[in-house]
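The sequence lines fix the lettering, A, B, ..., with proteins before strands; numbering per chain opens at 1.
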Protein chains: 2
Amino acid sequence: MYISTRGRYAVRAMLDIALSTDDKPVSLRAISDRQNLPISYLEQIFNRLKRVGLVNSIRGVHGGYHLGKPANEITVGSIIKVLEGPIRLSKCNEPVANRPTCIGPNDCVAKVMWERLEHQIDELLEGISLEDLVRESESLGRQGVTKKYEESVS
Amino acid sequence: MYISTRGRYAVRAMLDIALSTDDKPVSLRAISDRQNLPISYLEQIFNRLKRVGLVNSIRGVHGGYHLGKPANEITVGSIIKVLEGPIRLSKCNEPVANRPTCIGPNDCVAKVMWERLEHQIDELLEGISLEDLVRESESLGRQGVTKKYEESVS
DNA sequence: AAGATTCTTGACAGACAGAGTCGAGTATGT
DNA sequence: ACATACTCGACTCTGTCTGTCAAGAATCTT
């Protein structure tokens, strides 16, 4: 039920870019430093993000990445789905361990239910844009949030 | 993002019991046959279901399991959570690979978002009871559903 | 032109969780 | 007695996830 680190890191990295105020491209190195994420892992992630146009890349010194679309058009769902494939709760129709799935009648009832849930979760994820997160980030204020977090953890 | 087979099998098995018309306990063997699920795996699953009272067991010949509560009080969410723990999308606060999580400011924004989504998904799952599925199963009709499924797959 | 940055790509490895099995045991009905 | 069924815990296997590494190509700075 977890969302993989790939997907979550991607959201954080994209948000990092979205939060950068100037127009300069944001390098993986900078993201890696700010977010404390392994740079080589980010490379892998950004390859995929680039391939689908969620980011544009600029090579060379002072290169980096830009958002490929305005922040309000980039949803959390779209980022997640690039890195994890479509939202799926069950593996109906995919035989598992030589055992055909979706055999009995109530398996089908369950299948319909899973698909309905998948759709609902998809809508939840598609309903949140990077812009929403940027706004939230600004309204909370950086220092404040960090402090609160540190207190709650320690 | 998948729900594990344990969780999904559990829902199917519980629905199987809920669909049984008479009061006789339903044996794992019967469930295994009808649902095409490995019986030894079901044993594992039902151990957990029993421990939290979602089912009652009757030993010996003609033994088996009953629902531990009325079908309308058993939600899909409660079943899933017995087998997979609470609904969680991120692992914030759990250090991964020696790397402290939740460091940067927008990690916290993301964290808040994940928690909100977890809560929303939880509500979706808690909103579906076994009774709902029983009703759905009856209204669709067993044969009809099976046919439809077979057509859509082939 | 040389060198430093930075993206590009694919192969690879270790750890871990998920899926399922197995066996020994206990309780109960016939 | 014997067959049926639940009880419990240990175990294995497989695949995915996480992350690393290395070689290369493009671009900027000096």
Side-chain angles (χ1 to χ4, degrees), chain A residues 1-10 12-13 17 24-33 35-52 54-66 68 80 83-85 88-91 94-99 101, chain B residues 1-10 12-13 17 24-33 35-52 54-66 68 80 83-85 88-91 94-99 101:
Chain A
M1 196 61 200
Y2 283 111
I3 289 183
S4 70
T5 58
R6 271 206 304 273
R8 301 202 313 273
Y9 289 1
R12 277 168 62 188
I17 299 178
K24 291 184 211 154
V26 181
S27 71
L28 293 188
R29 177 139 198 88
I31 297 175
S32 169
D33 287 348
Q35 303 295 328
N36 191 38
L37 300 175
I39 195 169
S40 33
Y41 202 23
L42 286 174
E43 289 170 354
Q44 195 186 106
I45 292 168
F46 273 78
N47 267 330
R48 303 210 204 179
L49 292 174
K50 191 197 164 179
R51 235 174 285 157
V52 299
L54 282 179
V55 295
N56 298 325
S57 66
I58 297 172
R59 289 181 152 200
V61 179
H62 300 135
Y65 292 92
H66 281 302
I80 297 291
L83 291 142
E84 318 207 1
R88 300 269 306 284
L89 295 181
S90 96
K91 304 194 191 184
E94 287 170 20
V96 174
N98 296 332
R99 188 185 304 279
T101 56
Chain B
M1 197 59 201
Y2 284 110
I3 290 182
S4 70
T5 57
R6 273 204 303 272
R8 300 200 317 272
Y9 290 0
R12 276 167 65 187
I17 299 178
K24 292 184 209 152
V26 181
S27 71
L28 292 188
R29 176 136 197 90
I31 297 175
S32 170
D33 287 348
Q35 302 295 329
N36 192 38
L37 299 176
I39 196 168
S40 34
Y41 203 23
L42 286 175
E43 288 171 355
Q44 195 185 108
I45 291 168
F46 273 77
N47 268 332
R48 303 212 204 178
L49 291 175
K50 191 198 166 180
R51 235 173 286 159
V52 297
L54 281 178
V55 295
N56 297 323
S57 66
I58 297 171
R59 288 181 153 202
V61 180
H62 299 134
Y65 292 92
H66 282 301
I80 297 291
L83 290 142
E84 318 207 2
R88 300 269 305 283
L89 294 181
S90 97
K91 305 193 191 183
E94 288 171 19
V96 175
N98 296 332
R99 187 185 304 280
T101 56

How long is the line joining [atom1] of [X] and [atom2] of [N], in whole Å?
X	N	atom1	atom2	answer
A:Asn47	C:dC7	CG	C1'	8 Å
A:Met1	C:dA17	CE	C1'	17 Å
B:Arg88	C:dA17	CZ	C1'	15 Å
B:Leu83	C:dA19	CG	C1'	13 Å
A:Arg48	C:dG10	CZ	C1'	12 Å
A:Arg6	D:dT20	CZ	P	14 Å
B:Ile45	D:dC6	CD1	P	14 Å
A:Tyr2	D:dT16	OH	C1'	16 Å

Atom [atom1] in [X], atom [atom2] in [Y]: separation rounded to 0.5 Å?
X	Y	atom1	atom2	answer
B:Leu49	B:Ser57	CG	OG	11.5 Å
B:Ile17	B:Tyr65	CD1	OH	8.5 Å
A:Leu42	A:Ile31	CG	CD1	6.5 Å
A:Arg12	A:Thr5	CZ	OG1	10.0 Å

Tell me whether the side-chain N/O atoms of [X] come closer than 4.0 Å to OP1 or OP2 in [N].
X	N	value
A:Ser27	C:dC7	no
B:Ser4	C:dA19	yes
A:Tyr65	C:dT8	yes
A:Lys50	C:dT8	yes
A:Tyr41	D:dC17	no
B:Ser57	D:dT7	yes

* Asked: Who passes side chain to side chain contact (heavy atoms under 4.5 Å, CB included) against A:Val52, sequence neighbours left out?
  ->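 A:Val52 satisfies side chain to side chain contact (heavy atoms under 4.5 Å, CB included) with A:Leu54, A:Val82 once adjacent residues are dropped.
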
* Got a sec, which residues hit side chain to side chain contact (heavy atoms under 4.5 Å, CB included) with A:Ser4, two or more places apart in sequence or on another chain? ->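 If we apply the side chain to side chain contact (heavy atoms under 4.5 Å, CB included) test to A:Ser4, skipping adjacent residues, the hits are A:Arg6, A:Glu84.
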
* Heavy atoms under 4.0 Å is the rule here; annotate nucleotides 21-30 of chain D 5' to 3' with B where the base is hit, S where only the sugar-phosphate is, and - elsewhere. => BB--BBBBS-

* To do: Name the orientation class of the two ring planes belonging to A:Tyr9 and A:Tyr41 (parallel below 30°, tilted from 30 to 60°, perpendicular beyond 60°).
  =>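 Perpendicular, since the angle between the ring planes exceeds 60°.
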
* Report yes if a donor N or O on one partner sits less than 3.5 Å from an acceptor N or O on the other, where the partners are the side chain of A:Gln44 and the base of C:dT9; otherwise report no. =>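 Such a pair does not exist between side chain and base.
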
